[in-house]
Amino acid sequence: MKSKNLVSIDQCSKDDILRILENAAGFEENPNRTLLEGKVAATLFFEPSTRTRLSFEAAVNRLGGRVIGFQDASTTSSSKGETLKDTILMVSNYADLIIMRHHLEGAARYAAEVSGIPVINAGDGANQHPSQTLLDLYSIRKTQGKLTGLTITIVGDLKYGRTVHSLIVGMSHFNPTFHFVAPDELRMPDEQKNLCDKLDISYTEHTAFTEEIINRTDILYMTRVQRERFTDLEEYERVKNVYILRDKMLRGSRENLRILHPLPRVNEIAYDVDDNPKAYFIQQARNGLFTRQAIICEVLGINS
Ligand code: CP
């Protein structure tokens with residue numbers, strides 16, 4: 001990558017993506033190394049997280065580095081009114097790398113601009129979640145044996161889903177065909193559809209989630225309707241359970257179909273899907289560890 005930060009997936013070229021996925025495969029074979037000995041990573045989580053924070057922290061620990069940080073901003077001086085800029089400048093004094101999740105769109109870009117050390121965006125509002133996209137691409141390639149020419153159906157909250165927005169950009173290098181399944185209130189924003197139009201990527205929008213769509217799909221990417229992104233909770237109540245994937249809906253699906261979900265799930269994947277060999281979301285989260293090891297080494301300029 002040209003930048004020492006990972007703020008948005010669109011700063012990664014196709015070659016960057018393929019190199020990071022290759023390195024992630026190496027970490028899957030051997031995740032315990034001493035590449036980060038003497039380094040300190042700061043995890044600044046202004047929003048809740050399970051997978052992203054813990055897998056980044058596990059990634060640093062398994063590479064011999066150390067972790068400082070917080071998972072509850074109310075225990076930090078930002079609750080006394082300290083600005084994000086001052087927080088970042090302080091942490092730059094103590095650490096070699098910042099991994100930050102923030103509720104404001106653009107917060108990661110701003111942090112990267114003011115920081116003296118590399119910044120990895122661990123999710124900024126409804127905007128981007130680039131490390132999730134790289135682990136999604138790793139999971140897609142691992143399960144399909146390729147990234148090119150796949151049919152990907154994305155279901156749920158396509159308006160606020162930062163993982164979805166990043167996934168479209170990441171997959172755009174690999175000639176995908178998309179199906180977007182969402183209620184009218186949560187349709188894919190114009191920005192992502194315009195990108196598909198510009199790159200001549202085929203997509204179809206649907207409001208009904210049918211077996212007919214599933215049966216034409218290689219990767220079924222389910223997402224949660226995110227209560228925390230709604231200002232109108234009545235609207236959330238209207239759409240929260242609009243699509244639920246059940247095992248019986250997979251009867252006619254392709255042999256190679258795999259079901260991904262960035263997690264956490266709420267109701268959108270019924271528990272009877274979990275035992276279906278096409279369910280891949282738990283392994284997908286595991287792939288986050290190896291992919292994040294590769295990302296950390298990439299931004300720190302460490303050869304793995
Ligand atoms: N996928 C994801 O970002 O999960 P967490 O919110 O648990 O980090």
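First listed ligand is number 1; within each ligand, the first listed atom is number 1. Quantities reported herein were computed from a predicted structural model and do not represent experimental measurements. Worth knowing before you read on, the calculation uses all heavy atoms, side chains too, and leaves out hydrogens, waters and symmetry mates.
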Any salt bridge linking R254 with D218? Criterion: basic side-chain nitrogen under 4.0 Å from a carboxylate oxygen. yes
Measuring from each atom of ligand 1, which residues have a heavy atom under 4.0 Å away? S49, T50, R51, T52, R101, H129, Q132, P262, L263
As a test of understanding, state which of L84, N127, N121 forms a side chain to side chain contact (heavy atoms under 4.5 Å, CB included) with H102. L84
Short N-O contact, R265 and D274, less than 4.0 angstrom: yes
Under a 4.0 Å N-O cut-off, is there an ion pair linking E211 with K248? no
Quick one: are the ring centres of F180 and Y203 less than 6.0 Å apart? yes
Is R292 positioned over the aromatic face of F56, cation under 6.0 angstrom from the ring centre and no more than 45 degrees off axis? yes
